[in-house]
Number of protein chains: 2
Amino acid sequence: MGNVTLRTVAEQAGVSVSTVSNAYNKPDQLSAQVRDRVLETAKRLGYAGPNPAARSLRSQRAGAIGLLFTEQLSYAFSDPYSVGMLAGLAEVAEEFKTGLLLIPLEHYDPSHPEDAEPSAETMRQSVVDAVVAYCVDADHPARLVAMERGLTVASTIDIDDDRQKYVLIDEAGAAASLGGLLRDLGHQRVGVIVDSRMDDVEPRTTPRVVRPEDEAQLFVDSRIRLDGLRDALGPDVEVIPVFAGHNSTEAGAAAAAYLLDHQNRPTAIACISDVLALGARDAIRQCGLEVGRDVSLTGFDDIPRAAEVGLTTVRQPIHEKGRLLGRMVLDPEFEPRRVVLPTELVVRSSTGPAPH
Amino acid sequence: MGNVTLRTVAEQAGVSVSTVSNAYNKPDQLSAQVRDRVLETAKRLGYAGPNPAARSLRSQRAGAIGLLFTEQLSYAFSDPYSVGMLAGLAEVAEEFKTGLLLIPLEHYDPSHPEDAEPSAETMRQSVVDAVVAYCVDADHPARLVAMERGLTVASTIDIDDDRQKYVLIDEAGAAASLGGLLRDLGHQRVGVIVDSRMDDVEPRTTPRVVRPEDEAQLFVDSRIRLDGLRDALGPDVEVIPVFAGHNSTEAGAAAAAYLLDHQNRPTAIACISDVLALGARDAIRQCGLEVGRDVSLTGFDDIPRAAEVGLTTVRQPIHEKGRLLGRMVLDPEFEPRRVVLPTELVVRSSTGPAPH
DNA sequence: TCGTTCTACTAAATCGTTCTAGAAAAACGA
DNA sequence: TCGTTTTTCTAGAACGATTTAGTAGAACGA
């Protein structure tokens with residue numbers, strides 16, 4: 001039981017191993033008569049079809065694509081934005097009858113390169129044909145292993161490497177439109193809330209100002225967006241970046257409270273994601289301040305809830321992003337190696353002129 | 001390139017194949033000296049580590065668990081409730097350094113058993129050690145294939161089969177508490193909104209009353225909840241079950257609008273999920289009616305948004321459900337084969353006494 | 001009738017590992 | 001010194017499929 005193989009079936013059915021294999025994979029290569037006999041024998045023996053590992057080995061294809069996700073896998077599901085991307089990706093996977101393997105990553109700190117092995121371990125083990133690297137740092141060991149294995153890698157951040165493919169959003173344009181909006185509204189002091197790695201400062205929910213030497217601790221897309229905001233706001237505007245523990249409303253609220261407690265309170269708070277901004281919104285109201293009048297607030301992504309609470313944000317075609325990533329690694333007809341998706345500034349009630 | 005194997009490395013390093021294998025898997029079986037030499041040679045040749053398919057074949061373990069999901073994979077991400085389960089499951093997978101493979105299923109209609117093959121195909125192909133069957137029908141071919149393959153199967157619905165494991169919620173108790181509440185409030189006509197399969201009536205968003213012969217078209221958990229509600233409401237209460245196209249706010253709204261348009265409007269609407277209820281809430285308000293006074297409304301699951309809008313519902317420990325499912329298939333120390341999780345009735349403002 | 005093509009099937013090589021059993025060398029105990 | 005144990009490495013057999021190249025016989029055309 002459980003030890004039934006092609007050979008067992010072949011012997012019992014009185015045919016060769018190849019014939020049994022063909023019965024499953026190339027039905028037109030044998031007579032209907034023999035095929036029926038084979039399948040019937042298989043059923044009788046409780047044979048569950050060709051062993052997928054053996055098949056993968058021999059045919060050199062896995063029937064699955066891998067998804068490399070920022071450090072903590074369960075966080076993938078905590079942000080509606082990531083979930084939207086996943087849904088798009090899953091849609092394409094489904095269309096191609098391909099599995100979608102979520103690959104958990106160990107945290108990797110570039111300042112300790114000797115830890116590369118454990119961080120890449122799961123990527124080594126994964127039976128996949130291609131990989132989507134979602135918000136994974138350029139030098140993460142898992143990414144490097146995927147490349148070494150010769151897998152197609154599609155990335156959501158721009159790495160200057162011809163061997164990879166890219167689906168990007170116009171981060172610069174997005175940051176510029178947000179920054180421009182705040183600048184034009186006359187804000188002179190802008191707090192920026194960014195999420196940080198899990199194993200950051202202890203306790204993790206304690207916010208604190210991001211020092212220049214901390215920048216390596218930022219998630220790669222947070223870094224890009226922060227830089228973009230700084231550029232757009234220009235040198236005359238004071239930017240106060242603050243770490244939130246991670247990408248959640250709770251952490252966003254704590255970080256905003258910290259900023260509002262500042263001796264010289266910022267007149268606007270820009271958050272690196274809508275989820276953080278929703279938390280910040282709660283904190284601002286808790287302080288008895290009015291969002292959009294006393295303090296302006298912006299998010300990023302345009303998740304459904306943003307519209308409901310009137311949050312100014314930047315819309316990304318997230319579902320489309322997931323679909324394109326999937327198509328890029330699965331559809332041989334899909335040629336572009338690099339797609340940049342447009343973003344759209346959505347101004348709502350959470351932003352207004354800077355108070356004096 | 002790409003054709004570097006253990007043997008290539010062994011030859012170049014002047015050791016046996018087994019030794020190279022040990023260098024990766026059993027570092028204590030060889031001298032540090034030789035190990036370093038081997039790994040260095042591997043690096044030089046661009047060897048990305050043992051081929052996972054071959055490893056899986058030989059060692060008979062995949063390093064991944066499969067998730068069988070109701071028909072449409074991308075729907076897994078559209079309901080915060082499913083997402084919560086996924087997060088819990090992913091958490092455990094991560095802990096065990098195991099991948100999580102989302103397996104897309106073809107739709108299977110029990111009345112056409114000859115279609116079993118295609119519906120089970122992806123399950124045949126998947127390289128996994130165990131399977132979590134989330135809301136998958138008892139007789140779905142993919143589930144049967146998983147069993148045939150001798151995989152551990154953990155299920156979220158109760159099937160009378162000793163070979164499987166179960167994490168259930170107390171559906172009967174949950175339905176009874178909701179039904180009891182509505183009955184005690186004096187409601188005599190209750191609409192029930194249930195989600196239906198993708199390939200149901202065309203166009204899919206058109207709601208319609210569920211006829212007895214349609215019941216096979218219902219998702220398995222919808223059926224259980226509907227039956228539970230009927231039981232709890234008792235024979236004197238008229239129950240009008242209505243199909244929504246699928247589990248989304250839009251479909252919920254359409255189904256509610258259909259019910260309210262009914263010649264003899266129900267005084268209460270019970271939805272099979274919070275997502276549907278949120279849509280129904282919109283529709284009720286659109287009709288100029290007040291939720292909780294003119295029409296009572298209940299959901300199921302207690303997603304975060306339910307608290308925000310005052311929706312009466314039943315809370316399930318969904319995150320815990322995911323975690324238990326994971327533990328059940330991954331942790332050898334975990335013995336229970338059957339866990340029933342408690343539910344809790346959460347009464348909020350969306351329910352009130354039946355109007356006369 | 002003979003050569004050719006087509007159909008239905010098979011033998012054996014191969015995919016790239018891990019694992020078992022065992023050998024050679026080194027270390028050890030008395 | 002000699003037998004025993006330990007350490008370090010290796011040969012070769014699985015693991016369970018797919019694929020290539022080929023064979024026997026039927027069908028075909030002239």
Side-chain angles (χ1 to χ4, degrees), chain A residues 1-39 41-42 45-63 124-129 148-150, chain B residues 1-39 41-42 45-63 121 124-129 148-151:
Chain A
M1 178 156 185
N3 277 8
V4 188
T5 73
L6 271 192
R7 221 178 91 194
T8 327
V9 177
E11 280 164 5
Q12 289 289 319
V15 295
S16 77
V17 174
S18 325
T19 300
V20 182
S21 173
N22 284 336
Y24 282 96
N25 303 311
K26 301 176 178 168
D28 54 328
Q29 299 273 331
L30 62 166
S31 63
Q33 204 180 347
V34 173
R35 173 154 199 262
D36 287 348
R37 179 154 50 97
V38 166
L39 294 184
T41 315
L45 296 175
Y47 178 68
N51 177 308
R55 171 192 293 225
S56 284
L57 171 58
R58 178 63 233 221
S59 60
Q60 308 279 51
R61 16 162 282 108
R124 284 227 150 78
Q125 304 247 6
S126 305
V127 187
V128 293
D129 294 318
E148 261 181 9
R149 282 181 55 186
Chain B
M1 178 154 184
N3 276 9
V4 189
T5 73
L6 271 193
R7 221 177 91 193
T8 327
V9 177
E11 280 164 5
Q12 289 288 317
V15 294
S16 78
V17 173
S18 324
T19 299
V20 182
S21 173
N22 284 335
Y24 282 96
N25 302 311
K26 301 179 178 166
D28 54 327
Q29 299 271 332
L30 64 164
S31 63
Q33 205 179 344
V34 173
R35 174 154 200 261
D36 287 348
R37 178 152 51 95
V38 168
L39 293 185
T41 315
L45 296 175
Y47 179 67
N51 177 307
R55 171 190 292 222
S56 283
L57 170 58
R58 176 64 236 219
S59 60
Q60 306 280 52
R61 17 162 283 109
E121 195 52 39
R124 284 228 149 77
Q125 303 247 5
S126 304
V127 187
V128 293
D129 294 317
E148 261 181 10
R149 282 181 54 186
L151 301 172

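Quick caveat: nothing in here was measured; it's all calculated off a predicted structure. Just so we're on the same page: letters track the sequence lines, and every chain starts at 1.
- Within the structure, every pair that satisfies the side-chain hydrogen bond (donor to acceptor under 3.5 Å, both in side chains) test and touches residues 18-27 of chain B, not counting sequence neighbours, is listed here: B:S16-B:T19, B:S21-B:N25, B:N25-B:R55.
- Secondary-structure stems of DNA chain D, taken as three or more successive Watson-Crick or G-U wobble pairs (i with j, i+1 with j-1) under a 3.5 Å distance threshold, comprise C:1-30 with D:1-30.
- Taking CG of A:L57 as the start and CG of B:N51 as the end, the distance is 6.0 Å to the nearest 0.5 Å.
- Rounded to an integer number of Å, the gap from CZ of B:R124 to P of D:dT18 is 12 Å.
- Note on B:K26: a side-chain N or O is less than 4.0 Å away from OP1 or OP2 of C:dC19.
- A straight line from CD of A:Q33 to C1' of C:dA8 spans 11 Å, rounded to a whole angstrom.
- Atom OH in A:Y24 sits roughly 10 Å away from atom P in D:dT18 (whole-Å rounding).
- Listed by residue number, B:L57, B:R58, B:Q60 are the residues of residues 45-62 of chain B with a heavy-atom contact under 4.0 Å to DNA chain D.
- As rounded to whole Å, 18 Å separates atom P of C:dG16 from atom CD of A:Q125.
- Atom CG of A:N3 and atom P of D:dG16 are 6 Å apart (whole Å).
- The nearest whole Å value for the distance from the CD atom in A:E11 to the C1' atom in D:dG16 is 13 Å.
- Contact detail for B:R149 and A:P52: the closest heavy-atom pair is NH2-CG, 3.3 Å.
- The line from CD of A:Q33 to CZ of A:R35 is 14.0 Å long, rounded to the nearest 0.5 Å.
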What does the list of N/O pairs under 3.5 Å between the protein and nucleotides 7-10 of chain D look like, with a distance for each?
residue : atom : partner : partner atom : Å
D:dC9   : OP1  : B:S31   : OG           : 3.3
D:dC9   : OP2  : B:S31   : N            : 2.8
D:dC9   : OP2  : B:S31   : OG           : 3.4
D:dT10  : OP2  : B:S16   : N            : 2.9
D:dT10  : OP2  : B:S16   : OG           : 3.1
D:dT10  : OP2  : B:T19   : OG1          : 2.4

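- As a whole-Å value, the separation of A:L6 CG from C:dA12 C1' is 15 Å.
- Across all their heavy atoms, B:R124 and A:G49 have their closest contact at NE-CA, 3.8 Å.
- Counting only distance, with no hydrogens or angles, the side chain of A:D129 and the backbone of A:R61 share no donor-acceptor pair below 3.5 Å.
- Looking at heavy atoms from C-beta onward, A:Y47 lies in side-chain contact with A:L6 at the 4.5 angstrom threshold.
- Every pair passing salt bridge (Lys or Arg N to Asp or Glu O under 4.0 Å) that includes a residue from residues 9-19 of chain A is listed here, sequence neighbours excluded: A:R7-A:E11.
- Between B:A23 and B:L39 the shortest heavy-atom distance is CB-CD2, 4.5 Å.
- Scanning all heavy atoms of the two residues, the minimum distance from B:V34 to B:V15 falls at CG1-CG1, 4.1 Å.
- Here B:D36 pairs with nothing under the side-chain hydrogen bond (donor to acceptor under 3.5 Å, both in side chains) rule; sequence neighbours left out.
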